[in-house]
Participant: 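Dumping the structure here so I can ask a few things about it.
Both ligands and their constituent atoms are indexed starting at 1 by order of listing. In this text, all values refer to a predicted model and were calculated from it rather than measured experimentally. Residues: numbered from 1 along the sequence shown.
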Amino acid sequence: PLDKDELGRSTWNFLHTMAAYYPEKPSEQDQNDMKNFLRIFSKFYPCSYCAEDFKRDLEVLPPVTENRHALSQWLCQIHNIVNEKVGKPIFDCSKVDERWLTGPKN
Ligand code: FAD
């Protein structure tokens, strides 16, 4: 059965990892594909009220697809909008690569 929190964690895991491995120099096609992916994703996200809000969030803060860093930072901001709404702590976006790409520095 659908567990909203489990679904959310899995989805953020996927989205942040996808952004972490997005190209450094995406083609026009890559950029359009990513924008379309996010739009369609928000249409079919299987928590209807989450999806409704997320579609609105995408309009307020449209995806930035210029390169890996920009997309990762944009996604961090969008996730923080959701964090704020649901009362979760705001994540420090300077830590995104450490969390989703490189792992903690020793
Ligand atoms: P999550 O928010 O799932 O985060 C997982 C991990 O990501 C965290 O442990 C942290 O390490 C890292 N992280 C946290 N913030 C950031 C950030 N800004 N940038 C990078 N990494 C970060 N729940 C609702 O109750 N109502 C909603 O309307 C709702 N809408 C959602 C919309 C979308 C598109 C998604 C994907 C999820 C939504 N959720 C919603 C679920 C919610 O966001 C959480 O996933 C869920 O509450 C579980 O929270 P969590 O504490 O496990 O951490």
Side-chain angles (χ1 to χ4, degrees):
L2 198 146
D3 174 331
K4 179 178 57 60
D5 284 355
E6 191 54 43
L7 173 71
R9 262 191 298 281
S10 311
T11 303
W12 288 123
N13 191 340
F14 164 65
L15 289 174
H16 287 295
T17 306
M18 180 174 65
Y21 287 87
Y22 184 70
E24 297 287 357
K25 292 186 176 169
S27 63
E28 284 290 317
Q29 178 81 55
D30 289 335
Q31 297 198 45
N32 285 330
D33 286 349
M34 181 54 73
K35 285 178 183 140
N36 283 333
F37 168 79
L38 290 162
R39 191 171 42 76
I40 294 164
F41 161 88
S42 75
K43 180 170 171 184
F44 290 107
Y45 188 71
C47 158
S48 55
Y49 64 89
C50 305
E52 280 313 309
D53 284 0
F54 195 65
K55 271 189 267 182
R56 222 169 308 137
D57 295 339
L58 289 178
E59 282 169 25
V60 175
L61 198 67
V64 183
T65 57
E66 271 65 16
N67 55 51
R68 188 197 74 74
H69 178 76
L71 184 67
S72 300
Q73 288 298 310
W74 168 81
L75 189 61
C76 184
Q77 284 181 273
I78 279 274
H79 191 165
N80 273 337
I81 291 175
V82 178
N83 285 340
E84 191 171 14
K85 180 182 72 174
V86 302
K88 302 258 174 195
I90 298 302
F91 188 90
D92 175 356
C93 290
S94 71
K95 300 260 160 49
V96 158
D97 283 357
E98 185 180 322
R99 172 69 179 86
W100 296 106
L101 187 64
T102 62
K105 293 183 205 94
N106 296 315

Participant: With heavy-atom distances below 4.0 Å as the criterion, list the atoms of ligand 1 near T11.
Facilitator: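 With T11 as reference, the close atoms of ligand 1 come out as 36 (C).
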Participant: Which residue supplies the protein heavy atom nearest to atom 7 (O) of ligand 1, what is that atom called, and how far is it?
Facilitator: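 Going atom by atom, the protein heavy atom closest to atom 7 (O) of ligand 1 ends up being W100 CZ2, 3.3 Å.
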Participant: Could you tell me whether K85 and ligand 1 have an N or O pair separated by under 3.5 Å?
Facilitator: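 For ligand 1, there is an N or O atom that lies under 3.5 Å from one belonging to K85.
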Participant: Which of the atoms in ligand 1, numbered in the order shown and given with their element, are less than 4.0 Å from a heavy-atom of Y45?
Facilitator: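 Matching atoms, with element in brackets: 35 (C), 36 (C), 37 (C).
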Participant: Nearest to atom 37 (C) of ligand 1, what protein heavy atom do you find, and at what distance?
Facilitator: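 The protein heavy atom lying closest is W12 NE1, 3.4 Å.
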Participant: Which is it for L75 and M18 under the side-chain contact (heavy atoms from CB on, under 4.5 Å) test, yes or no, and what are the steps along the way?
Facilitator: CA-CA 10 Å; L75 189 61; M18 180 174 65; over 6 Å; no
Participant: Could you walk me through whether F54 and I81 satisfy the side-chain contact (heavy atoms from CB on, under 4.5 Å) test, starting with their C-alpha distance in whole Å, then the side-chain angles of each, then the deciding distance to 0.1 Å, before giving a yes or no?
Facilitator: CA-CA 9 Å; F54 195 65; I81 291 175; over 6 Å; no
Participant: Is it the side chain (CB and beyond), the backbone, both or neither of N83 that lies under 4.0 Å from ligand 1, heavy atoms counted?
Facilitator: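 Just the side chain.
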Participant: May I ask you to say whether R56 pairs ionically with E59, meaning some side-chain N is under 4.0 Å from a carboxylate O?
Facilitator: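 Salt bridge: no.
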Participant: Give the residue and atom name of whichever protein heavy atom lies nearest to atom 18 (N) of ligand 1, and the separation in Å to one decimal.
Facilitator: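 Heavy-atom neighbour on the protein nearest atom 18 (N) of ligand 1: C76 O, 2.9 Å.
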Participant: Distance under 4.0 Å to a non-hydrogen atom of N80: what atoms of ligand 1 satisfy this?
Facilitator: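 In order of numbering, the contacting atoms are 18 (N).
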Participant: Does either side chain, that of N13 or that of S10, offer a donor lying less than 3.5 Å from an acceptor on the other one?
Facilitator: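 Result is no, nothing qualifies.
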Participant: Are H79 and W12 close enough, and set up right, to give a side-chain contact (heavy atoms from CB on, under 4.5 Å), and what steps lead you there?
Facilitator: CA-CA 8 Å; H79 191 165; W12 288 123; 3.3 Å; yes
Participant: Considering only non-hydrogen protein atoms, determine which one is nearest to atom 40 (C) of ligand 1 and report residue, atom name and distance to 0.1 Å.
Facilitator: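 Nearest protein contact, heavy atoms only, for atom 40 (C) of ligand 1 is C50 SG, 3.8 Å.
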Participant: Under 3.5 Å between some N or O of ligand 1 and some N or O of V82?
Facilitator: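 By distance alone, the answer is no.
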Participant: Regarding N36 and D33, do their side chains bring together a donor and an acceptor under 3.5 Å, going by distance alone?
Facilitator: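 On atom types as modelled, these side chains do not qualify, holding no pair under 3.5 Å.
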Participant: Atoms of ligand 1 less than 4.0 Å from K4 heavy atoms?
Facilitator: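 Heavy-atom distances to K4 below 4.0 Å select 23 (N), 24 (C), 25 (O).
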Participant: Regarding ligand 1, does D5 bring an N or O atom to under 3.5 Å of one of the ligand's N or O atoms?
Facilitator: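 Yes, there is a polar N/O contact under 3.5 Å.
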Participant: Heavy-atom distance under 4.5 Å between the side chains of M34 and P63, does that happen here?
Facilitator: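 No - every pair of side-chain heavy atoms lies 4.5 Å or more apart.
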Participant: Nearest protein heavy atom to atom 51 (O) of ligand 1, by residue and atom, and its distance?
Facilitator: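 Result: K88 NZ, 2.9 Å.
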Participant: Could you please spell out the steps behind the side-chain contact (heavy atoms from CB on, under 4.5 Å) verdict for E66 and W74?
Facilitator: CA-CA 11 Å; E66 271 65 16; W74 168 81; over 6 Å; no
Participant: Would you say the side-chain atoms of Y22 pair up with the backbone N or O of T65, donor to acceptor, closer than 3.5 Å?
Facilitator: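 Looks like yes, one N/O pair under 3.5 Å.
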Participant: What atoms of ligand 1 come within less than 4.0 Å of a heavy atom belonging to V86?
Facilitator: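 Answer, ordered by atom number: 23 (N), 24 (C), 25 (O), 26 (N), 27 (C).
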Participant: Tell me, which protein residue and heavy-atom name are nearest atom 14 (C) of ligand 1, and how many Å apart are they?
Facilitator: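 Of the protein heavy atoms, H79 CE1, 3.4 Å lies nearest.
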Participant: Counting non-hydrogen protein atoms only, what is the nearest one to atom 9 (O) of ligand 1? Give residue, atom name and distance.
Facilitator: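 Sorting protein heavy atoms by distance from atom 9 (O) of ligand 1 puts R99 NH2, 4.4 Å first.
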Participant: Which protein non-hydrogen atom lies closest to atom 34 (C) of ligand 1, naming both residue and atom, and how far is it?
Facilitator: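 It is F54 CD1, 3.5 Å.
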Participant: Is atom 29 (C) of ligand 1 close to the protein, meaning a heavy atom under 4.0 Å from it?
Facilitator: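 Under the 4.0 Å cut-off, atom 29 (C) of ligand 1 does have protein heavy-atom neighbours.
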Participant: Between L71 and L101, is there shared hydrophobic-cluster membership here, with clusters defined by ILVMFWY side-chain heavy atoms closer than 4.5 Å?
Facilitator: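 Not linked; separate clusters.
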Participant: Are any of the side-chain nitrogens in D5 or K88 under 4.0 Å away from the carboxylate oxygens of its partner?
Facilitator: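 So D5 does not pair with K88 through a salt bridge.
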